[in-house]
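All remarks here apply to the structure that follows.
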Amino acid sequence: MPGFELFGDQERKEVNDVLDNGVLMRYGFDGMRNGHWKAKALELELTKTFNTNHVQLVSSGTAAVSVALASAGVGAGDEVIMPTFTFVASFEAIMMLGAIPVLVDIDDTLTLDPKAVEAAITDKTKAVMIVQMCGSMGDLDALQSICTKHNLLFVEDACQAIGGTYKGKPLGSIGDLGCFSFDFVKTITCGEGGAVITNNADYYTNADHYSDHGHDHVGHDRGAETHPFLGYNFRISELHAAVGLAQVKRLPEFIAIQKKNYTILRDALATLPEVTFRRVPDGGEESYAFLNFFLPDLDIARKVIENFKENGVDVSWNYFDNNWHYIREWHHLKDAKSLFPLSSEVRQALENIKNTKFDQSDHFIGRNISCLIKLSWTEEEMKTRASKMVESIKASL
Ligand SMILES: *Cc1c(COP(=O)(O)O)cnc(C)c1O
């Protein structure tokens, strides 16, 4: 997945454009920039990549989720449904706004189970946020129709699925708002950065203003701009945007390499009857950023991870015991370890999460192994890796 593996002359050239005139900020300083507007250029490029009307760059993927929700009016007391398997950023971004994270089970797609979503809807529910984990997606049609039926916002966190598609549409462009991260380990990187995408002009205007202290961005005198509403600072810098501008142009190349490497590993594992693969909904195409497969049970999955380690197969995880991506080890969330007071509603919601059993999620995450697909692996390394993986699994059964 990580675009940083293939840094080169293009990235250097774009960054040097910025350094040559010294304008590191995306807004203002029109006269000094010699025509370089890297953030604007990257936003334009991303509208094409994601086939969307509007793109707002921000400082991170976590910021993108907060900005997306805020732009659509989600805030204090509103419930946002999210999956048990994701990155900690999901609940962080929701709680930043005083909104309430409601965690629900995943299914064999490794993200939201539509039945669990429907069962979790209350009169406080405002949004459903799917997280397209590990390069693939959930049952988007089913989730979309639940949202339509209950008049809920549908938000996609596609941070890990840049380049994946569903029925020909880029992941991230299907919901009301889509969120991306360009942090250092994502398929394309800015170093740090993120984006909100939407076809809704009002949400876009809100995101544009909100991510820059509420500035209306009218005219060419930043000091004279007014503040139609309260905002915050989630700006990206020109230096970061410059790196992303080089990387986004290489996305097709990155996806092709991921697909080639993924296919070699998948073909090798498919020879083992005990191995099954994560379900990709009909009409979906993964981004091939990860290969995800299931083993018969948790004990075998743990043994496979041990054997992978012994045989030098790296970047592969069973998320059941993981601190970052699965609810089991999110003790800081379940115990409401906050530096500052949380509202009683949020504290109650965290107490509920602590007291809920997620057996269906445990079932799928316990048996799952997730392998990062790197861009820098050679053909020779791929072959060795594939055979070591097969041997490690055989030895664990
Ligand atoms: C990386 C990631 C984020 C957060 O992105 P940052 O840019 O690191 O803040 C959010 N959601 C998912 C699924 C991610 O993988």
Side-chain angles (χ1 to χ4, degrees), residues 1-4 39 42 46 55-70 80-97 99 101 103-104 106 109-112 127-138 140 155-164 170-172 174-175 177-197 207 211 232-237 239-241 243-244 247-248 258 278 286-290 292 315 317 319 322-327 330 333 361 365 368 370-373:
M1 172 160 89
F4 75 76
L42 177 53
L46 290 169
V55 175
Q56 178 65 43
L57 283 172
V58 290
S59 51
S60 72
T62 312
V65 178
S66 283
V67 171
L69 293 171
V80 180
I81 294 176
M82 57 166 272
T84 53
F85 174 50
T86 175
F87 180 51
V88 290
S90 303
F91 59 76
E92 290 168 357
I94 294 167
M95 288 166 62
M96 252 279 301
L97 303 170
L103 274 66
V104 307
I106 59 158
T109 63
L110 294 181
T111 187
L112 293 177
V128 173
M129 181 166 73
I130 188 167
V131 185
Q132 318 281 25
M133 283 297 278
C134 304
S136 188
M137 70 213 80
L140 295 170
V155 179
E156 280 178 84
D157 173 341
C159 291
Q160 292 194 10
I162 301 169
L171 295 181
I174 294 148
L177 295 131
C179 307
F180 290 93
S181 165
F182 308 120
D183 78 19
F184 198 51
V185 295
K186 297 304 200 281
T187 303
I188 51 175
T189 184
C190 292
E192 297 283 2
V196 178
I197 73 170
S211 59
Y232 213 83
N233 178 2
F234 291 116
R235 291 190 305 260
I236 194 166
S237 81
L239 285 171
H240 292 93
V243 177
Q247 289 253 302
V248 71
Q258 282 182 174
R278 164 231 212 123
E286 296 181 71
S287 76
Y288 308 102
F290 291 81
N292 280 274
V315 294
W317 303 276
Y319 285 120
N322 181 284
N323 289 344
W324 288 80
H325 292 287
Y326 189 52
I327 186 172
W330 291 340
L333 175 72
S361 300
I365 291 299
N368 176 69
S370 195
C371 307
L372 180 72
I373 302 296

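Numbers here simply count residues along the sequence, with the first being 1. Remember, it's 1-based here, ligands and their atoms both numbered in the order they're listed.
The distance between the ring centers of Tyr326 and Tyr319 does not fall below 6.0 angstrom.
Counting only heavy atoms from C-beta outward, the side chains of Met137 and Thr111 never approach each other to under 4.5 Å.
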Go ahead and list the nitrogen or oxygen contacts between ligand 1 and the protein that come in under 3.5 Å, distances to 0.1 Å, or just say none.
from     : atom 1 : to     : atom 2 : distance (Å)
ligand 1 : 5 (O)  : Ser181 : OG     : 3.2
ligand 1 : 7 (O)  : Gly61  : N      : 2.7
ligand 1 : 7 (O)  : Ser181 : OG     : 2.7
ligand 1 : 8 (O)  : Asp183 : OD2    : 2.6
ligand 1 : 9 (O)  : Gly61  : N      : 3.4
ligand 1 : 9 (O)  : Thr62  : N      : 3.0
ligand 1 : 9 (O)  : Thr62  : OG1    : 2.5
ligand 1 : 11 (N) : Asp157 : OD2    : 2.7
ligand 1 : 15 (O) : Gln160 : NE2    : 2.9
ligand 1 : 15 (O) : Lys186 : NZ     : 3.2

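With hydrogens and angles disregarded, a donor-acceptor distance shorter than 3.5 Å links the side chain of Gln247 to the backbone of Thr189. A donor-acceptor pair under 3.5 Å is absent between the side-chain atoms of Gln132 and the main chain of Glu156, judged by distance alone.
Between Ile106 and Pro83 the shortest heavy-atom distance is CG2-CB, 3.9 Å. What you find for Leu42 and Ala241 is that their closest heavy atoms are CD2-O, 3.7 Å.
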